[in-house]
A.B. asks: 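Have a look at this one.
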Amino acid sequence: MNYWLMKCEPDVFSIDDLARQKVEGWYGIRNYQARNMMRDAMRIGDQVFFYHSNVKVPGIVGLMEVISKPYPDPTQFDPDHRYFDPKATPEQPRWVQVDVQYIRHTRRLISLEELKKDDSLGELPLLRRGNRLSIMPVGKSDWQRILELEAAN
DNA sequence: GCCAACGTTGGC
DNA sequence: GCCAACGTTGGC
């Protein structure tokens, strides 16, 4: 099983929205690196941290699980959608998405600042300089460490 | 709202 | 295929 962190701006879609819906197709990924990870490495059952970005206190707010294989992101075919990609066709789709299911909120916000302060998380891609990917892998030991942080306060 | 750090685009 | 210009992300 793999572990991931996926970012979303809560103004667009928040952990509360996911809790209400239970399941959401994670559409709108338009970065090749993020797509390739989703397409090539994500598996049903993988565990994911839900991360709120572009807010006053960014950080991890919940847990979710991948419940589908990657499949074509329908918004790439919709000319009226902001994620429309004129170069994508149903025959040759360019972008994929997966479905994720709500597991739970974290007990509290685990802020980016707190993650940065933890010495053992130095290799976490989220904390590497200039990493703006919206989907990032999380090592198993980092995953466990972050859950310890959650419980510690 | 600023701006660093990217990724993408397109002219050549 | 290079690279300057441009757009975007996202923390601050």
Side-chain angles (χ1 to χ4, degrees), chain A residues 2-21 24-42 46-66 70-100 102-139 141-143 145-150 152-153:
Chain A
N2 295 315
Y3 299 94
W4 306 94
L5 178 144
M6 306 206 308
K7 299 179 186 174
C8 195
E9 300 185 18
D11 291 347
V12 179
F13 188 76
S14 73
I15 186 68
D16 293 332
D17 294 325
L18 182 64
R20 269 190 297 275
Q21 286 182 210
E24 168 76 347
W26 205 264
Y27 67 89
I29 300 300
R30 294 294 181 272
N31 171 283
Y32 288 104
Q33 234 183 306
R35 179 204 67 181
N36 292 348
M37 282 191 287
M38 201 161 39
R39 189 188 59 191
D40 303 332
M42 260 191 194
D46 284 359
Q47 304 290 112
V48 185
F49 284 132
F50 193 133
Y51 178 96
H52 280 176
S53 66
N54 229 344
V55 282
K56 260 177 283 177
V57 185
I60 292 168
V61 292
L63 275 68
M64 51 192 178
E65 179 173 333
V66 177
Y71 61 96
D73 175 345
T75 64
Q76 69 191 303
F77 309 127
D78 179 357
D80 296 325
H81 202 282
R82 70 172 285 219
Y83 290 126
F84 176 61
D85 183 342
K87 291 175 182 163
T89 64
E91 294 73 30
Q92 295 236 308
R94 179 177 292 198
W95 306 108
V96 297
Q97 67 182 48
V98 296
D99 292 340
V100 293
Y102 176 77
I103 297 178
R104 65 176 176 88
H105 282 60
T106 48
R107 278 184 52 234
R108 59 190 182 82
L109 170 71
I110 307 165
S111 70
L112 177 62
E113 185 185 14
E114 181 178 354
L115 297 173
K116 280 180 176 170
K117 280 184 191 157
D118 191 280
D119 293 337
S120 62
L121 295 175
E123 295 305 305
L124 191 67
L126 177 72
L127 305 180
R128 305 301 284 270
R129 202 173 69 116
N131 202 332
R132 302 170 313 159
L133 280 180
S134 57
I135 299 181
M136 289 185 274
V138 176
S141 60
D142 289 340
W143 177 273
R145 176 64 190 146
I146 291 166
L147 291 180
E148 284 175 21
L149 285 179
E150 179 198 15
N153 270 301

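Letters A, B, ... are given to chains in the order of the sequence lines, protein chains preceding strands, and every chain is numbered from 1.
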A.B. asks: Sequence neighbours excluded, which residues qualify as salt bridge (charged side-chain N to carboxylate O under 4.0 Å, His left out) partners of A/Glu114?
C.D. replies: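 For A/Glu114 the salt bridge (charged side-chain N to carboxylate O under 4.0 Å, His left out) partners, ignoring immediate neighbours, are A/Arg108.
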
A.B. asks: Please report, to 0.1 Å, the donor-acceptor pairs under 3.5 Å made by any side chain of residues 3-10 of chain A, with sequence neighbours excluded.
C.D. replies:
residue : atom : partner  : partner atom : Å
A/Trp4  : NE1  : A/Asp46  : OD2          : 2.9
A/Lys7  : NZ   : A/Leu133 : O            : 3.2
A/Glu9  : OE2  : A/Asn54  : ND2          : 3.1

A.B. asks: Apply side chain to side chain contact (heavy atoms under 4.5 Å, CB included) to A/Arg107 and list each qualifying residue two or more places apart in sequence or on a separate chain.
C.D. replies: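 By the side chain to side chain contact (heavy atoms under 4.5 Å, CB included) rule, A/Arg107 matches A/Glu150.
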
A.B. asks: Which residue pairs satisfy the side chain to side chain donor-acceptor pair (under 3.5 Å) criterion with at least one member in residues 83-97 of chain A, sequence neighbours excluded?
C.D. replies: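 For residues 83-97 of chain A: A/Tyr32-A/Arg94, A/Tyr71-A/Gln97, A/Asp85-A/Trp95.
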
A.B. asks: By side chain to side chain contact (heavy atoms under 4.5 Å, CB included), which residues pair with A/Asp118, not counting sequence neighbours?
C.D. replies: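 A/Asp118: side chain to side chain contact (heavy atoms under 4.5 Å, CB included) contacts with A/Ser120, A/Leu121, A/Arg145, A/Leu149.
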
A.B. asks: A/Ile103: what forms a side chain to side chain contact (heavy atoms under 4.5 Å, CB included) with it, not counting sequence neighbours?
C.D. replies: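 So A/Ile103 forms a side chain to side chain contact (heavy atoms under 4.5 Å, CB included) with A/Gln47, A/Leu63, A/Glu65.
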
A.B. asks: For a 4.0 angstrom threshold against heavy atoms of chain A, report the outermost contacting nucleotides of DNA chain C in 5' to 3' order.
C.D. replies: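 Answer, 5' to 3': C/dT8 to C/dC12.
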
A.B. asks: Looking at residues at least two apart in the chain, or sitting in another chain, which of them share a ring pair (Phe, Tyr, Trp, His ring centres under 6.0 Å) with A/Phe84?
C.D. replies: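 For A/Phe84 there are no ring pair (Phe, Tyr, Trp, His ring centres under 6.0 Å) partners, ignoring immediate neighbours.
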
A.B. asks: Taking only residues two or more places apart in sequence, or in another chain, which ones meet A/Phe50 in a ring pair (Phe, Tyr, Trp, His ring centres under 6.0 Å)?
C.D. replies: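 Residues passing ring pair (Phe, Tyr, Trp, His ring centres under 6.0 Å) with A/Phe50: A/Trp26, A/His52.
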
A.B. asks: Got a sec, which residues hit ring pair (Phe, Tyr, Trp, His ring centres under 6.0 Å) with A/Tyr27, two or more places apart in sequence or on another chain?
C.D. replies: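 Checked A/Tyr27 against ring pair (Phe, Tyr, Trp, His ring centres under 6.0 Å); matches are A/His81.
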
A.B. asks: Toward the 5' end of DNA chain B, which comes first, A/Arg94 or A/Asn54, by nearest nucleotide?
C.D. replies: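 Of the two residues, A/Asn54 wins.
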
A.B. asks: Using heavy atoms and a sub-4.0 Å distance, could you list which residues of residues 29-37 of chain A are near DNA chain B? By number, please.
C.D. replies: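 Heavy-atom cutoff 4.0 Å gives A/Asn31, A/Tyr32, A/Gln33.
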
A.B. asks: Decide whether A/Thr75 and A/Asp73 meet the rule of one side-chain donor and one side-chain acceptor closer than 3.5 Å.
C.D. replies: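 Distance-only check passes for A/Thr75 and A/Asp73.
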
A.B. asks: Taking only heavy atoms on the protein side, list every residue of residues 55-63 of chain A lying under 4.0 Å from any atom of DNA chain C, sorted numerically.
C.D. replies: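 Within residues 55-63 of chain A, the residues near DNA chain C are A/Pro58.
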
